[in-house]
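Reviewing the structure listed below.
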Amino acid sequence: MKTAILGPAQRAEALARMAERELDVLVVGSGVVGAGTALDAATRGLRTGLVEARDWASGTSSRSSKLIHGGLRYLEMLDFALVREALKERGLLLQRLAPHLVKPVPFLYPLQHKGWERWYAGAGVALYDGMSVSSGHGRGLPVHRHLSHKRALQVAPCLKKDALVGALQYYDAQMDDARYVATLVRTAAAYGAHVANRARVVGFLREGERVVGARVEDVEGGTEYEIRAQQIVNATGVWTDDTQALIGERGQFHVRASKGIHLVVPKDRIHSTTGLILRTEKSVLFVIPWGRHWIIGTTDTDWDLDKAHPAASSADIDYLLGHVNEVLATPLTRDDVEGVYAGLRPLLAGESDATSKLSREHTVAHPVPGLVVVAGGKYTTYRVMAKDAVDEAVHGLDRRVAECVTEDVPLVGAEGYKALWNARARIAARTGLHVARIEHLLNRYGSLAEELLELVVADPSLGEPLTAADDYLRAEAVYACTHEGARHLDDVLTRRTRISIETFDRGTRSAREVAELMAPALGWDDAQIEKEITHYQKRVEAERESQRQPDDLTADAARLGAPDIVPL
């Protein structure tokens, strides 16, 4: 299969191609559901377009807990169908579709009551494992195990001795959510989809009641395109109602935003060989292994303020620190926090007043001819949501269309990944890079890591780590622009890498080096380099200020102090 390259030239060509000939399906929104929908449509042989107002995964899909999981807590809600579906998808992603991106991760569940709790929680986790195996795709993870008080403290010495009487350990999976979406987009493009970020839908084309296309503004250049399509799929997540408003239709359901924030702390702040899952009065709290860091989350609160830049308040941070410190022998303080990020879950409203009790089931509707809406759901089941959305769109096409095949379509980078992993020591010897660097590249790009290594061969300086963020190679900043559609400094520091949340300086010390690496690929002059750096610094300042505010209203106002980047 030809590997898609998403550089500036390819973006311009994609916009021109979408405008010159009617599409079968135009997908609006490139979070995980939109990207998955574009891949589903393209692999059915449909002429497909994908447009995104900002960057791939710039909303919810880059700000999640980064877990691929069945939703253990939904068993307690007796939502067996959702759990079974999610566990099947988890197995597919681990074993077949994206083994280079989706990895097993262990979790420890501390027990606080003798007797009944071990029986009750153990039965639930046993059912979870059993449903995973019965899905036909669950044999890639170890089964759960019961731990004594002594053994639990050996596995997680960070815990207070009196915080548990024993524990259960089970496995789920995780991924880098933004990197996963970028890989989905590239896979869709490899199968023929025309894809363009920084391309905002500003209106819909109508013929009578029917929607026949969209007016799309190239945010970078200001040009407006009329893109005609037999069917349009609105996959804009928490922006669903806003997109529907462009045709004067709210649709048959309302999407409600729930804010979840996460903290990132260095690995040495929590002494444990496993992740943790803790109950709170509202939901659950995860402590998730993340390379040389831990991710702690999440909150679950209603949000009706700015959707593009949800802000974490001081109260949010205190909530997470307070709850995790209830079980940690050495409490965390604000000084331990490297990064903070906030995201919005798109929940279907009307089912409950408490967002943590809203179902993560998804809904697909066809509110007017030519327009399909998909909303709700959870990251793990994106492929099922995409299938349902395309199935609905196909009803509006005047010909037979193939069934969904994405269950058997690995993402780019998956093919050959295991063979390259086995050969990683030999690759390290050949390239002169440490084997740990090769492992890092393989687990972020899979077999596409060979493309980065070609950049290093052409320019050995790109094989050096970034000065202030040495987990990442200089080549990755260049590759993000030439192959993955990055258009701005924020795209690279926040989504193509995770420097913005993995360093105490939030990426400001890396900004100049990365901007100068990006400049040749994107044609930036010195003035644009300075503008990108200044914008990024202001963004970080605004986020830090928002995190000092006592509540959502003041945090939102502080975060909006940094406007979005606009090209010169």
Side-chain angles (χ1 to χ4, degrees), residues 6-12 52-58 62 178 182 196-200 217-223 306 308-309 311 338-341 455 458-459 461-548 557-568:
L6 304 183
Q10 289 77 20
R11 175 182 173 276
E52 161 58 45
R54 295 187 295 157
D55 184 29
W56 322 129
S58 54
S62 62
N197 54 0
R198 295 274 167 177
R200 177 184 292 117
E217 178 191 9
D218 175 1
V219 179
E220 303 287 86
T223 304
D306 180 63
H309 306 292
E338 293 173 289
V340 181
Y341 65 93
L455 295 178
D459 180 356
S461 72
L462 297 180
E464 296 296 320
L466 293 169
T467 305
D470 62 2
D471 278 350
Y472 300 95
L473 297 181
R474 288 163 55 85
E476 295 182 74
V478 176
Y479 187 82
C481 304
T482 57
H483 288 69
E484 297 180 332
R487 302 286 301 169
H488 294 285
L489 181 58
D490 186 60
D491 298 345
V492 175
L493 293 177
T494 307
R495 286 173 292 278
R496 303 307 185 281
T497 71
R498 292 305 189 155
I499 295 170
S500 66
I501 58 171
E502 293 176 349
T503 58
F504 280 104
D505 62 88
R506 308 281 173 95
T508 54
R509 290 177 56 219
S510 300
R512 181 165 298 280
E513 182 179 10
V514 172
E516 289 176 351
L517 286 165
M518 296 172 68
L522 297 177
W524 292 349
D525 57 17
D526 289 344
Q528 184 67 19
I529 290 173
E530 295 304 323
K531 184 170 186 174
E532 294 281 340
I533 294 169
T534 299
H535 166 265
Y536 186 79
Q537 290 170 337
K538 287 182 177 178
R539 186 208 112 164
V540 171
E541 289 169 10
E543 287 185 346
R544 288 189 185 277
E545 183 61 28
S546 72
Q547 291 154 21
R548 289 190 281 266
R559 176 60 185 89
L560 291 177
D564 283 340
I565 187 75
V566 177
L568 292 175

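Fair warning: this is a prediction, and the values are worked out from it, not measured in the lab.
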Problem set entry | Rounded distance [0.5 Å steps], CG in L489 versus NE2 in H535 | 9.0 Å
Problem set entry | Residues E541, R544: salt bridge by 4.0 Å N-O rule | no
For this session: For residues R512 and E530, determine if any side-chain heavy atom of one lies less than 4.5 Å from a side-chain heavy atom of the other.
Result: yes
Problem set entry | Minimum-distance pair of heavy atoms, taken over all atoms of A519 and I529 | CB-CD1, 3.7 Å
For this session: Check each of H309, R539, H488 against D564 using the side chain to side chain donor-acceptor pair (under 3.5 Å) test, and report the only one that passes.
Result: H309
Exercise. Any ion pair linking R11 and D218 (charged N to carboxylate O, less than 4.0 Å)?
Worked result: yes
Problem set entry | Interatomic distance, Y341 atom OH to R498 atom CZ [nearest 0.5 angstrom] | 7.0 Å
Problem set entry | Carboxylate-amine/guanidinium proximity below 4.0 Å for E217 and R198 | no
Exercise. How far apart are the closest heavy atoms of M518 and A477, and which atoms are they?
Worked result: CG-O, 4.1 Å
Problem set entry | Qualifying residues under side-chain contact (heavy atoms from CB on, under 4.5 Å), relative to Q547, sequence neighbours excluded | A312, I317, V340, R506, E543
Problem set entry | Heavy-atom side-chain contact between T497 and L466 under 4.5 Å | no
Problem set entry | Note: D55-R495 ion pair, threshold 4.0 Å (strictly below) | yes
Exercise. Are the side chain of W56 and the backbone N or O of E484 linked by a donor-acceptor pair below 3.5 Å?
Worked result: yes
Exercise. How many angstroms lie between CG in D505 and CD in Q537, if you round to the nearest 0.5 Å?
Worked result: 10.5 Å
Exercise. Which pair of non-hydrogen atoms, one from L473 and one from G463, has the smallest distance, and what is that distance?
Worked result: CD2-O, 3.3 Å
Problem set entry | Smallest separation among heavy atoms of A480 and R496, with atom names | CB-CG, 3.6 Å
Exercise. Considering residues at least two apart in sequence or located in another chain, which fulfil the side chain to side chain donor-acceptor pair (under 3.5 Å) criterion with D459?
Worked result: S461
For this session: Specify the closest pair of heavy atoms between P8 and C481, including all atoms of both residues, with the distance to one decimal.
Result: CD-O, 3.9 Å
Problem set entry | Inter-residue atom distance E532.CD - D491.CG, 0.5 Å rounding | 8.5 Å
Seminar exercise, completed: With sequence neighbours left out, the residues meeting ring-ring contact (aromatic ring centres under 6.0 Å, His included) with Y536 are none
For this session: Over all heavy atoms of both residues, which pair between S500 and T494 is shortest? Give the atoms and the distance, please.
Result: OG-CA, 3.5 Å
For this session: Could you tell me the separation between the CG atom of D526 and the CD atom of E516, rounded to the nearest 0.5 Å?
Result: 8.5 Å
Seminar exercise, completed: So CZ of R54 and CG of N197: to nearest 0.5 Å the spacing works out to 11.5 Å
Problem set entry | Of L455, L462, T467, V514, the residue whose pairing with R474 passes side-chain contact (heavy atoms from CB on, under 4.5 Å) | L462
